[in-house]
Amino acid sequence: MSIHIQNVSKTYGQTRVLNNISLDIPSGELVALLGPSGSGKTTLLRIIAGLEQPDTGRVLLSGQDATDQNVRDREVGFVFQHYALFRHMTVFENVAFGLKVKPRSQRPDGLIIKKEVQRLLKLVQLDWAAERYPAQLSGGQRQRVALARALAVQPRVLLLDEPFGALDAKVREELRTWLRRLHEEIHVTSVFVTHDQQEALEVASQVVVFNEGHIEQVGSPETVYDKPATPFVYHFLGRSNTFSARGQNGFVRPHEFEVAAEPAGPDFREGRIRHIHLIGPLARLEVEDVHGESTLEVELPRTHFKTLGLTPQSSLFFRPEQLTVFD
Ligand SMILES: Nc1ncnc2c1ncn2[C@@H]1O[C@H](COP(=O)(O)OP(=O)(O)OP(=O)(O)O)[C@@H](O)[C@H]1O
């Protein structure tokens with residue numbers, strides 16, 4: 001199902017939370033709403049769901065105006081950060097819930113419900129846990145149950161609000177890959193809210209970057225990272241240094257420096273290493289620009305770092321491989 005947001009604004013008290021937002025989400029996409037805390041992502045998600053009304057503007061689902069449509073009639077599935085599973089019900093009963101509470105005329109019979117729940121539990125790789133209670137599962141497993149439960153009613157769109165927000169880093173990473181694969185399998189239009197750049201870039205087919213109630217840029221993960229439309233997008237998507245070269249002011253990412261232990265050419269600058277952080281396969285260096293009086297962050301593969309034989313206080317020669325300049 002496609003989603004069209006047209007000129008949506010929303011104000012709470014004195015605060016304009018969404019400022020004339022327009023956004024088209026084609027059917028079958030997996031879209032990330034990415035932005036800092038308070039930028040309006042959740043509010044937009046709730047407006048798409050029908051849990052919140054926009055002050056102005058419209059929401060079209062499959063081309064039909066749904067602005068005044070009830071939540072129940074929109075056929076959306078919801079997954080929140082804090083898995084709101086029923087604690088007194090087994091995993092099976094949790095997933096079956098949405099089907100069992102349907103009006104009698106639409107309710108599938110018991111055997112069909114059973115088959116459907118088994119299919120969904122297989123899809124989220126939890127068929128072995130059907131008889132367990134939520135308390136007997138890990139956080140990541142509970143989120144997968146929540147997803148299976150949301151899918152049970154065959155939503156036309158799946159809305160996820162920081163679905164992995166409460167989980168630890170390793171589990172988050174596993175679930176990202178898992179969500180992307182699941183989406184490839186079921187292809188339901190999905191929108192998820194995150195403030196984690198890595199998560200958005202890894203999982204989504206399209207990323208929508210929010211800032212203070214407006215959209216800064218919409219594009220594929222490659223586009224928003226490689227061709228940021230604004231300085232805000234550039235800074236939000238990764239670490240950056242302010243840099244001037246040949247009379248131009250711009251930005252350089254820490255990994256975009258060419259580095260050497262000796263002067264290696266006329267446009268190399270000299271710096272002094274202040275700190276060395278070894279982070280897994282990377283070496284992150286804090287480097288004081290000898291002439292510029294600024295501190296820069298320089299990142300290079302740890303193997304390369306080793307071959308240079310650098311120590312704290314050594315000199316380092318560097319030049320940007322590219323300078324990103326905004327007009
Ligand atoms: N029901 C409400 N009443 C009043 N203010 C609200 C309400 N809901 C949200 N806000 C305010 O609207 C702004 C945007 O909130 P929203 O939850 O959409 O942001 P967000 O980008 O999703 O942030 P986060 O990542 O922290 O959830 C915030 O300043 C928030 O305090």
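Both counts, for ligands and for their atoms, begin at 1 and track the order of listing. The figures that follow rest on heavy atoms only: side chains count, while hydrogens, waters and symmetry mates do not.
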Does the ring center of His235 lie less than 6.0 Å from the ring center of Phe251? yes
Is atom 4 (C) of ligand 1 less than 4.0 angstrom from at least one protein heavy atom? yes
Tell me: protein heavy atom nearest [atom], and distance?
{"atom": "atom 19 (O) of ligand 1", "answer": "Gly40 N, 3.3 Å"}
{"atom": "atom 8 (N) of ligand 1", "answer": "Tyr12 CE1, 3.3 Å"}
{"atom": "atom 14 (C) of ligand 1", "answer": "Val17 CG1, 3.3 Å"}
{"atom": "atom 26 (O) of ligand 1", "answer": "Ser37 OG, 2.6 Å"}
{"atom": "atom 23 (O) of ligand 1", "answer": "Gly38 N, 2.7 Å"}
{"atom": "atom 15 (O) of ligand 1", "answer": "Thr43 OG1, 3.8 Å"}
{"atom": "atom 22 (O) of ligand 1", "answer": "Thr42 OG1, 2.7 Å"}
{"atom": "atom 25 (O) of ligand 1", "answer": "Lys41 NZ, 3.0 Å"}

Exactly one of Val224, Val207, Asp196 should register a side-chain contact (heavy atoms from CB on, under 4.5 Å) with Leu34. Which one does? Val207
Identify, with sequence neighbours excluded, every residue that meets side-chain contact (heavy atoms from CB on, under 4.5 Å) alongside Ile112. Pro108, Asp109
Name all residues meeting the side-chain contact (heavy atoms from CB on, under 4.5 Å) criterion together with Asn211; count only those two or more places apart in sequence or in a different chain, and write none if there are none. His214, Glu216, Phe232
Is the positively charged end of Arg269 above the ring of Phe257, judged by distance under 6.0 angstrom from the centroid and angle within 45° of the axis? no
Whether Arg253 engages the ring of Tyr234 as a cation-pi pair (distance to the six-membered ring centre under 6.0 angstrom, angle to the ring normal within 45°) should be assessed. yes
Close-contact set for ligand 1 against Ser39 heavy atoms, below 4.0 Å: 19 (O), 20 (P), 21 (O)
What atoms in ligand 1 come closer than 4.0 Å to a heavy atom of Pro36? 21 (O)
Any side-chain heavy-atom pair from Val208 and Phe210 closer than 4.5 angstrom? yes
Taking the six-membered ring for Trp, are Phe243 and Phe318 parallel (under 30°), tilted (30 to 60°) or perpendicular (over 60°)? perpendicular
Among the heavy atoms of Gly35, does any lie under 4.0 Å from an atom of ligand 1? no
